[in-house]
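What follows is one structure encoded as structure tokens, with my remarks underneath.
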Amino acid sequence: MVKLTDDYQQNAQAFEAAGIAVPQFDQTAMKAATDQKPVWVHFGGGNLFRCFHAKIAQDLLNSGDLQSGVIVAETYDGDVPKDIYKPYKNRVLQVVMAPDGSLDKTLIASVAHAIYYNRDDEFGWQTLKDVFEQPSLQLVTLSITEKGYALHDMNGNLTDQAKYDITHGPEVAQTNMGAIARLLFARYQSGTLPIAMVSTDNFSENGQRFQDGILTIAKGWVDNDYVPQDFVDYLSDPKQVSFPWSMIDRITPNPAQSVADKLRQEGFEDTTIVHTAKHTNIAPFGNTEETHYLVIEDSFPNGRPALEKAGVMLTDRETVNDADQMKVTACLNPLHTALAIFGNLLGYTSIAAEMENKDLVALIKRLGYQEDLPVVKDPKIINPKEFLDTLLTKRLPNQNIPDTPQRIASDTSQKIPVRYGVTIQHYVDQGGDAVKKLVAIPFILAGWCRYLLAVNDQGEAFEPSRDPLLKDLQAQLGSLRLGYAGDVHAALQPILSNKQIFGNDLYAIGLGDKVEANFKQLITGPGAVAKALHALNETCGLKSRRCRKKIDG
């Protein structure tokens, strides 16, 4: 048996016997190089980072194209650096899960330091500030999810935390945007040092949203005399501080016990999954899929590592945006969210198992091929049709990936504006007749409203995944329940007309009534979801067959 903390250089044969590839560099020397000249900071120490970004850094360290490691800054959960990084020397076992059931295992040791960056942690608060004052720092990457950028509530107003940050200044910042703006102010004060701030979170125009968040805080500080206007000018100059856009794609579920059991059978000892008080699920290993993409706008004012040598695609902003729109708004994420919503309602605990439900597969195929794909702009570097084909035939059905609809359903209110709102806007731009042709999208949105009732298709209560708007949305639905036969408009109207959630007032563009009609079908009683889903796909299938006959004729 081997452990993460074993000496992988002196005991390389033991790791080889367990089928584990080891780093080709000395971790101690890497840490020393990082302390002397830090290059890369990453915010968000979760599973995606450990299985993707950390592997990119490791590949560059192995090849000699990078000497400094990654400094991980966790902003949400202090137990993550304490319980999963420090005890294992900042290492992780990356487990790539092939459809045939095999595991490709690599010991990742590219993290130099992992800290808790929070104003209540004096060490982390000061340490990261010191790092940002170093001229050698070239890039910051983030994987903190959509809600990590939130400064506004569902009505578009600044949250209380955002207001606090703006009125109380950098040193007591509560929000991620405020805490990161504090670091950029320290860098500004150290000589307006250049840097690239790269959001790799899974939503469209992520770099723009990141910059907007930082500037919202910074401009508030100017108004309150905490910082000079020159600081805002510094943040607004891409030759000094850039906010590159990116597209990232790698399905990385929470670590699964089934994977832990298999790893132990194959000779790896560290398999205990940690469940923190803040509901983070993380382990000494991370399980992920084979397929992966990372496309980044090549805008790095202080230089960058040779990321392209580790498979990152560097290109211009327009191409990044096209690739991102293709993936996030059309060919993956909307399908994932649809499976998450209906998976919860129908009692599934596996995404792969859902792909055996013909009605669910028909729904996401209609969504992907007939409603999303027609409005996608080909990014050229990735073929949208082939991307969608691979998703539906290989990635989602991969039973070796222990992904769940419950994980994907987290923060759905934050995802809808991008995963459905962008496509809806494309149809709005084409005119009202185009919008009326949408079938899958209004059905899915109705399914989400049905999901908010927290009762499955058998009439049994379930616990919805975490969402910052969950309580407000559920309160709005009020007395609606399974079997309710009255008017649903009064309860749904404030939700469906909310532009913060959908990007449009759905009633104003002709979709609100359609969503309401679908919702009524979904709450008629036990079994209504499965029945409505089957009826929808029967109708759509019949129409498709009629269309084919007309074409053939």
Under 3.5 Å: donor-acceptor pair, side chain of Thr288, backbone of Ile251:
yes

Report yes if some heavy atom in the side chain of Phe15 is under 4.5 Å from a heavy atom in the side chain of Asp7; otherwise report no.
no

Would a 4.5 Å heavy-atom cut-off, applied to side chains only, mark Gln58 and Gln94 as touching?
no

For a 4.5 angstrom cut-off between non-hydrogen side-chain atoms, does Val41 reach Leu128?
yes

Please find the pair of heavy atoms, one from Ser246 and one from Ile296, that lie closest to each other, and give the distance.
CB-CG1, 4.1 Å

Indicate the atoms forming the closest heavy-atom contact of Leu4 with Asp270, along with that distance.
N-OD2, 2.7 Å

Side chains of Asp467 and Ser413 only: does a donor on one sit below 3.5 Å from an acceptor on the other?
yes

State whether the number of non-hydrogen atoms from other residues, nucleotides or ligands found under 6.0 Å of Lys358 atom NZ is greater than 12.
no

Non-hydrogen side-chain atoms of Tyr85 and Arg50 separated by less than 4.5 Å
yes

Under 3.5 Å, is there a donor-acceptor pair between the side chain of Lys278 and the main chain of Tyr76?
yes

Between Thr291 and Asp249, is there a side-chain donor-acceptor contact under 3.5 Å, judged purely by atom types and distance?
no

Go through the steps for Leu391 and Leu388 under the test side chain to side chain contact (heavy atoms under 4.5 Å, CB included), then give the verdict.
CA-CA 5 Å; Leu391 177 75; Leu388 188 54; 4.3 Å; yes

Leu482 vs Leu453, side chain to side chain contact (heavy atoms under 4.5 Å, CB included): CA-CA, chis, key distance, verdict
CA-CA 8 Å; Leu482 192 62; Leu453 297 182; 5.9 Å; no

Heavy-atom donor-acceptor pair, Ser204 side chain to Val418 backbone, under 3.5 Å:
no

Interatomic distance, Leu48 atom CG to His292 atom NE2 [nearest 0.5 angstrom]:
11.5 Å

Approximate separation, where rounding is to 0.5 Å, of Arg407 CZ and His336 NE2
6.5 Å

Can a donor-acceptor pair be found, under 3.5 Å and without considering hydrogens, that links the side chain of Thr524 to the backbone of Ala528?
no

Less than 3.5 Å apart, any donor N or O on the side chain of Thr200 or His53 sitting next to an acceptor on the other?
yes

Polar side-chain atom of Asn287 near backbone of Asn254 as donor-acceptor pair, under 3.5 Å:
yes

What is the minimum heavy-atom distance between Tyr117 and Gly124, and which atoms define it?
CD1-O, 3.6 Å

Are any side-chain N or O atoms of Lys415 and backbone N or O atoms of Ile408, one a donor and one an acceptor, separated by less than 3.5 Å?
yes

Worked check of side chain to side chain contact (heavy atoms under 4.5 Å, CB included) between Leu332 and Phe387:
CA-CA 9 Å; Leu332 193 156; Phe387 181 95; 3.9 Å; yes

Side chain Asn90, main chain Ile71, donor-acceptor under 3.5 Å
no

Ion pair check, Asp79 and Lys82, cut-off under 4.0 Å:
yes

Do Ile424 and Leu445 come close enough that some side-chain heavy atom pair is under 4.5 Å?
yes

Inter-residue atom distance Arg250.CZ - Glu289.CD, 0.5 Å rounding:
7.0 Å

Pairwise distance CD1(Ile341) to CG(Asn344) - rounded to 0.5 angstrom
9.0 Å

For the residue pair Asn333 and Lys327, establish whether any side-chain heavy-atom pair is separated by less than 4.5 Å.
yes

Distance-only donor-acceptor check, side chains Tyr149 and Asp201, under 3.5 Å:
yes

Quick check on Lys365: does its NZ atom have over 12 non-hydrogen neighbours (other residues, nucleotides or ligands) under 6.0 Å away?
no

Picking from Met154, Gln474, Lys147, what satisfies side-chain contact (heavy atoms from CB on, under 4.5 Å) with Leu469?
Met154

Donor-acceptor pair, distance only, cut-off 3.5 Å: does the side chain of Tyr293 make one with the backbone of Ile382?
no

Just by distance, do the side chain of Thr423 and the backbone of Thr329 share a donor-acceptor pair under 3.5 Å?
yes

Does any donor atom in the side chain of Gln476 or Asp472 lie under 3.5 Å from an acceptor atom in the other side chain?
no

Do Trp40 and Thr141 meet the criterion of a side-chain donor-acceptor pair at a distance under 3.5 Å?
yes

Val455 vs Arg450 side-chain heavy atoms within contact, under 4.5 Å
yes

Taking every heavy atom of Leu66 against every heavy atom of Ala57, the minimum-distance pair comes out as CD2-O, 4.0 Å

Assess whether side chain to side chain contact (heavy atoms under 4.5 Å, CB included) is satisfied between Leu360 and Leu346, documenting all intermediate values.
CA-CA 10 Å; Leu360 283 174; Leu346 295 174; 4.2 Å; yes

In this structure, CZ of Arg366 is separated from CG of Leu438 (nearest 0.5 Å) by 8.5 Å

Closest non-hydrogen contact found for Asp83 with Tyr88 is O-CE1, 4.1 Å

Neighbour count above 12 (heavy atom, 6.0 Å) for Glu16 CD:
no

Heavy-atom distance under 4.5 Å between the side chains of Pro284 and Thr271, does that happen here?
no

Separation between OG1 (Thr106) and CG (Leu103), nearest 0.5 Å, reads 11.5 Å

Do Asp372 and Tyr420 meet the criterion of a side-chain donor-acceptor pair at a distance under 3.5 Å?
no

Closest non-hydrogen atoms of Gly69 and Thr34, given as atom of the first, atom of the second and distance, are N-OG1, 2.7 Å

State whether the number of non-hydrogen atoms from other residues, nucleotides or ligands found under 6.0 Å of Lys31 atom NZ is greater than 12.
yes

From the list Trp448, Phe519, Phe342, ring-ring contact (aromatic ring centres under 6.0 Å, His included) partner of Phe443 resolves to Phe342

Under 4.0 Å between a Lys/Arg side-chain N and an Asp/Glu carboxylate O for Lys105 and Glu266?
yes

Looking only at atom types and distance, does a side-chain atom of Arg466 sit under 3.5 Å from a main-chain N or O of Ala409, one as donor and one as acceptor?
no

